[in-house]
Amino acid sequence: MKNWFDISARLRRNGVLGINGRNASYTLPYNRRDRYPLVDDKVLTKQLAAQAGVAVPELYGIIEIQREVRGLPDLLARHHDFVVKPARGSQGDGIIVVTGRSRSLYRVADGSVLDEEELVFHVSNILSGIFSLGGQTDKALIEYRVNFDPVFEAITHRGVPDIRIIVFLGVPVMAMVRLPTRLSGGKANLHQGAIGAGIDVASGKTLTAVWGTSIVTEHPDTGNPVSGVSIPRWDTLLELGARSYELTGLGYQGIDIVLDRDKGPLILELNARPGLAIQMANRAGLRSRLEKVEQHRASLGSIAERVAFAKEHFAAGRG
Amino acid sequence: MRRAHLYLLAGSLTTLALALFLYKHFIFGFPLAPEARTDVWRVEVRLQFEAQGGPAKAEMFIPVRTGPLIVVDQSFVSPGYGITTEPQPEEGVRAVYSIRNATGLQTLYYRAVIQPESLIDQESRDIAPKISPPELEGPRLAATQAVVEAAKRQSADAATLAAIIVKGLKGARPESEESFLLGPQPSNRRLVAVAVDLLQFAGVPARVVNGVALAPERRSAQLTHWIEYHTEHRWRTLYTVDSRGSETGQQYLPWWRGSAPFIALSGGREPVHTITTSRSYEYALRTALNRQRELEKKLVEFSLFGLPLQAQLLFRTVLVVPAGILLLVILRNVVGIKTFGTFMPVLIALAFRQTGLLWGLVFVTVVVAAGLAVRFYLERLKLLLVPRLATVVIVVIMLLALLTVLSFRLGFERGLSIGLFPIVILTMTIERMTVVWEERGAAEAIQQAAGSIAVGAVCFLIMNFPLVEHLFFVFPELLLVVLAATLLLGRYSGYRLTELYRFRVLAR
């Protein structure tokens, strides 16, 4: 019992944010309810980003009603590889990454193979809403599969690594790169076993990583060290993050970006309730950084100012 | 600002609740603990007969308010029958079940809830009845005279006379006057009838009382008979069967008086009746409730005690739900246990109240495990969501039916109540569990399911705690305290207990 109080006091001293704290102090007061649909529905997010001139993975097609599922094979025939995802999915549930095909079979990123019927069934399931947040009916998106930048080749097991930036009032406060593992089945989702390597906001270099609840310094499958990798075009990513505030109007959000070999940074999705494991990836608490942004709120105007503020204050090792 | 508002709201709710609570406890004298209990008896008569086609009429005596026991609630269950009650002077009240056309086996029920009355009216006087001495002649007259004369000599008043007469009859030697009056192998009924005749002859008004001895969980109670005699403006009771009666606390429920048969039937044959008695505890609030002055009486009438007994029992369950919900909020937001569905554990806990904890756990586990197996099998058939959910609901219901039959065959009566399980909630849980299973692995799915059931079990333990049930039912204003606590928890922004473990690497 005493130990628990001790841990609690230390966490508080280190500015670690808990779920209750995140909800009570940040998402509830800073995220307006009417803005949630913009990020909860990936179709809307895509439209929004496209209007603002922000690059997103190309949309091949949307399946909205059960009847359209029959047209799926025709739609897919034009593409060698693609991603199927639910528009309202949470935590990466229901996403299938097809990396290629052999005759009538689809090869999936986790190494398994699906036939046409199984893929159609999966899309039907998406439409009936089993992956969506409230269980309401959903849409299925078929979109461009990212050819990820080889920069993370050595520390990725299959799948596509993505970069998560927490943006508070337009200031990128913390970032990590999520690296798929064998355990996560090629998905860049920490809940499913991917590792998350913290990123030094000032320099764009990776730090140590979190795997489950422990800190790791090497990728569990490839054995290569995860720290010290320079993220290419880091300043562009920070700007993308800062701009997402104007895009959605959500004060506290997470933005997921992939680096495409050919097309550069693409926004995958935005999240109004980003997870808290990023603190372990960076070995730093979010609350102290968020409070700093709140203090300087008045002086933070343009995107450039906000990025500069982030680089100045949120360097690794400075809390 | 928001915080001040919340604290003010929570504070005033709590103050209001505590004020009411203390007022009711100290001024009204409502008990804090459920220990002050009195017995409540449930009596049921089942009457079956073979109808002969055509009109049928069954007349049956029903218990009436006499002495220390009163009928607080009664019901008649008899599909298609018209029911009237007819007071029979000197005898009691008769219920008449009648129907125009009946064939085959008929089953009629009468149920009553009986409670001891705490305040016995000492003032009122029973009107002195007329004496109708039996008309006797020949040897019976001589024998009666002899017995009565002997008893009169040995007694001082009506009470001792009655006692001596009964004693004499019970200990009758062969060839004596008493055994001549009783006849060969006398039943208790015969003994009572003779004793009443003797008392009447001696000038003491007396009558035969028919009723049942109240016993906990008696499946087929026998009608028994005793004596009432009138003296000093009151009817007194004399039991002839069990002399230890008053010492063992045995209670007798008077049903009707006189020698009329219990059941009179026309239009049918072979009437068979079964009387069942059972005991349940009822809080001795009646004393508190009876003491109120006019204004307070109104307050009581508009409280839960103004409701029929059935509704009171229902609210006893409903009012503990907030306690379970508060616990759930704590377990989810302060401890950080993951559960399927927000309030699923509370519904599970409600179901546990019917089945008992152990059986509840067994049933939930079996149903969820079997449902999951079916769901995984259905995965191969590639069904769409709604039909798939419907399929699982149907399978879950069949499983429940099967489990009930099995457990009953094995002799577990508890199994009979699992029909009350939240079937749809269980089905949604099974569906959600398969998604978690496939997307995040079996470990996570089982962990969440175990969490849900464990939280349900803990909620059950709180909700089933007699003191908790008593407090919320007697003092429903305490719900305002629960409300205030829940509101305050809504602003709890500290760490969850599980987060201390999760983020422990950051506690440098």
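Chain naming here is simple, since letters A, B, ... match the order of the sequence lines and numbering starts at 1 in each. All values derive from a computational prediction rather than experimental measurement. Computed over heavy atoms, backbone and side chain alike; hydrogens, waters and symmetry mates excluded.
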Counting heavy atoms not belonging to B:F376, are there more than 12 under 6.0 Å from its CZ?
yes
Interchain contact, [X] with chain B, by part (heavy-atom threshold 4.5 Å):
{"X": "A:L276", "result": "both"}
{"X": "A:Q66", "result": "side chain"}
{"X": "A:R13", "result": "side chain"}

For the pair B:Y492 (side chain) and A:A24 (backbone), establish whether a donor and an acceptor sit closer than 3.5 Å, ignoring hydrogens and angles.
no
Without swapping roles, check the side chain of A:N20 against the backbone of B:V334 for a donor-acceptor pair under 3.5 Å.
no
State, yes or no, whether a side-chain contact exists between A:I130 and B:R388 at a heavy-atom distance under 4.5 Å.
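A side-chain contact exists here, since the closest heavy-atom pair is under 4.5 Å.
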With heavy-atom distances below 4.5 Å as the criterion, would you say the side chains of B:L506 and A:R283 are in contact?
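Sidechains of A:R283 and B:L506: in contact.
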Over all atoms of both residues, closest heavy-atom pair of B:R502 and A:M280
O-SD, 3.2 Å
Where do B:F503 and A:V16 come nearest, in terms of heavy atoms and distance?
CD1-CG1, 3.8 Å
A:N23 side, atom CG; B:R491 side, atom CZ - distance, nearest 0.5 Å:
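With rounding to 0.5 Å, CG (A:N23) is 10.5 Å from CZ (B:R491).
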Highest number of heavy-atom pairs under 4.5 Å with chain B: which of A:N125, A:I215, A:I19?
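Winner by heavy-atom pair count: A:I19.
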Considering only heavy atoms and a distance below 4.5 Å, find which of A:A9, A:A277, A:G18, A:S25 pairs most often with chain B.
A:G18
Heavy-atom contact with chain A under 4.5 Å, split by part of B:E431
side chain
